[in-house]
*Asks:* 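My questions will all concern the structure given below.
Proteins come first, then strands; the chains are lettered A, B, ... in the order of their sequence lines, and each starts at number 1.
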Amino acid sequence: MTGTGRAAGPDGFILLPGYFDRAAQESLLADVLAGIDAAPLYQPSMPRTGAPLSVQMSNFGPLGWIADRKGYRYEPVHPVTGRSWPPLPQALLELWNAVSGWPQPPQACLVNIYGPDARMGLHIDADEDARNAPVVSISLGDRARFRLGGPERKSPTRSMVLSSGDVVVLGGASRRFYHGVDRIYPGTSTLLPEPFAPGRINLTLRRVN
DNA sequence: GAGTTCCC
DNA sequence: TTAG
């Protein structure tokens, strides 16, 4: 048993479809919008080249993930405002306790805002010292095609559609698997308000150290 | 469209 | 090294 209440696959990957019902999604969305008010969205960019990522980002929690020309890293403050990130919403702490199986609380919640054409190239989450702590992801808004590979870039991949309210846990070996978002399916959810619709919000909870 | 590799 |  993993303590998640549902069986993980041999890779430690878990998809929990419809974990959050509509009311819970609306409550989470309110938390996210309040957080973005305090910690405005910013445009991350690739190290060295400065090429912008197609998503916009913010963070909750003691640490936030930053991508800019200098590199990828965790920082305790917003790169533009210099203020601390807003605290982690209680509902996300409860989710972590329910599904992660990890004894310590999450330290970061990355907020990724996808427009209708945004994507996330295949990558491994590798900026955390806590490489064995699961990553827990929540989908809000339009559906997305999520791709999960293996430990090497050339590993075969599989894909699945993630819908609003779905929760994904990358635990065990899958914590170090390549993954990404191929595309958004615009107009497939009524959750998000302007200017976030059509689009998708993804929240990822991580233990950093 | 899916899968894989390479380049800046 | 790096989610482009």
*Asks:* Does a side chain donor of either A:R176 or A:N132 reach within less than 3.5 Å of an acceptor in the other side chain?
*Replies:*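 The answer is yes; a qualifying pair exists.
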
*Asks:* If you only use heavy atoms from C-beta on, which nucleotide in B:dA2, C:dT1, C:dG4 is closest to the side chain of A:R145?
*Replies:* B:dA2

*Asks:* Starting from P on C:dA3, measure out to CH2 on A:W65 and report it in whole angstrom.
*Replies:*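 Distance, rounded to whole Å: 9 Å.
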
*Asks:* Quick one: which of C:dA3, B:dA2, B:dT4 gets closest to the side chain of A:P156?
*Replies:* B:dT4

*Asks:* Can you figure out which of C:dT2, B:dT5, B:dA2 approaches the side chain of A:K154 most closely?
*Replies:*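 Closest nucleotide to the A:K154 side chain: B:dT5.
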
*Asks:* Please report, rounded to the nearest Å, how far the P atom of C:dA3 is from the CZ atom of A:R73.
*Replies:* 16 Å

*Asks:* Taking a hydrophobic cluster as the set of Ile, Leu, Val, Met, Phe, Trp and Tyr residues connected by side-chain heavy atoms closer than 4.5 Å, whether directly or through intermediates, do A:L122 and A:V135 fall within one such cluster?
*Replies:*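 Per the 4.5 Å side-chain linkage, A:L122 and A:V135 are not co-clustered.
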
*Asks:* What's the CE-P distance between A:M46 and C:dG4, to the nearest Å?
*Replies:*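 Rounded to the whole Å, the gap is 7 Å.
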
*Asks:* Classify A:P44 by what it touches in the nucleic acid, base, sugar-phosphate, or nothing, heavy-atom distance under 4.0 Å.
*Replies:*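 If one applies the 4.0 Å heavy-atom cut-off, A:P44 turns out to touch nothing in the nucleic acid.
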
*Asks:* What is the distance, rounded to the nearest whole Å, between atom CZ of A:F146 and atom P of B:dA2?
*Replies:*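 It works out to 15 Å between those atoms.
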
*Asks:* Using whole Å, what does the distance between atom C1' of nucleotide C:dG4 and atom OH of A:Y114 come to?
*Replies:*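 Rounding to the nearest Å, OH of A:Y114 and C1' of C:dG4 are 13 Å apart.
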
*Asks:* Regarding A:E128 and A:Y74, do their side chains bring together a donor and an acceptor under 3.5 Å, going by distance alone?
*Replies:*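 The answer is yes; a qualifying pair exists.
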
*Asks:* When you check the phosphate oxygens OP1 and OP2 of C:dA3, does a side-chain N or O of A:R153 lie under 4.0 Å from one of them?
*Replies:*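 It does, given that an N or O in the side chain of A:R153 lies less than 4.0 Å from OP1 or OP2 of C:dA3.
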
*Asks:* Do we see a donor-acceptor contact under 3.5 Å between the side chains of A:S137 and A:N202?
*Replies:*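 A:S137 vs A:N202: donor-acceptor pair found between side chains.
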
*Asks:* How many whole angstroms separate atom CD of A:E152 from atom P of B:dG3?
*Replies:* 17 Å

*Asks:* Roughly, in whole Å, what's the span from CZ in A:R69 to P in C:dA3?
*Replies:* 16 Å

*Asks:* Return the orientation label for the A:W65 and A:Y72 ring planes: parallel under 30°, perpendicular over 60°, tilted otherwise.
*Replies:* tilted

*Asks:* Which whole-number value in Å describes the distance from A:Y74 OH to C:dT2 C1'?
*Replies:* 13 Å

*Asks:* Which part of the nucleic acid, if any, lies within reach of A:N112 when heavy atoms closer than 4.0 Å are counted: base, sugar-phosphate only, or nothing?
*Replies:* nothing

*Asks:* Where the side chain of A:T157 is defined as all heavy atoms beyond and including C-beta, which of C:dT2, B:dG3, B:dT5 is the nearest nucleotide?
*Replies:*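 Of all the options, the side chain of A:T157 is nearest to B:dG3.
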
*Asks:* Categorize A:T49 for me: base, sugar-phosphate, or nothing, with a 4.0 angstrom heavy-atom threshold over every strand shown.
*Replies:* nothing

*Asks:* Centroid distance below 5.5 Å plus an interplanar angle below 30 degrees: do A:Y178 and C:dA3 meet both conditions?
*Replies:* no

*Asks:* What's A:R119 touching, base or sugar-phosphate or nothing? Going by heavy atoms closer than 4.0 Å.
*Replies:*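 The answer is sugar-phosphate, as A:R119 gets under 4.0 Å only of primed atoms, P, OP1 or OP2.
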
*Asks:* Measure from the side-chain heavy atoms of A:H123 and tell me the nearest of B:dT4, B:dG3, C:dA3.
*Replies:*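 Nearest listed nucleotide: C:dA3.
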
*Asks:* Looking for any heavy atom pair under 4.0 Å, which part of the strands does A:S155 touch: base, sugar-phosphate only, or nothing?
*Replies:*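 Result for A:S155 = sugar-phosphate.
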
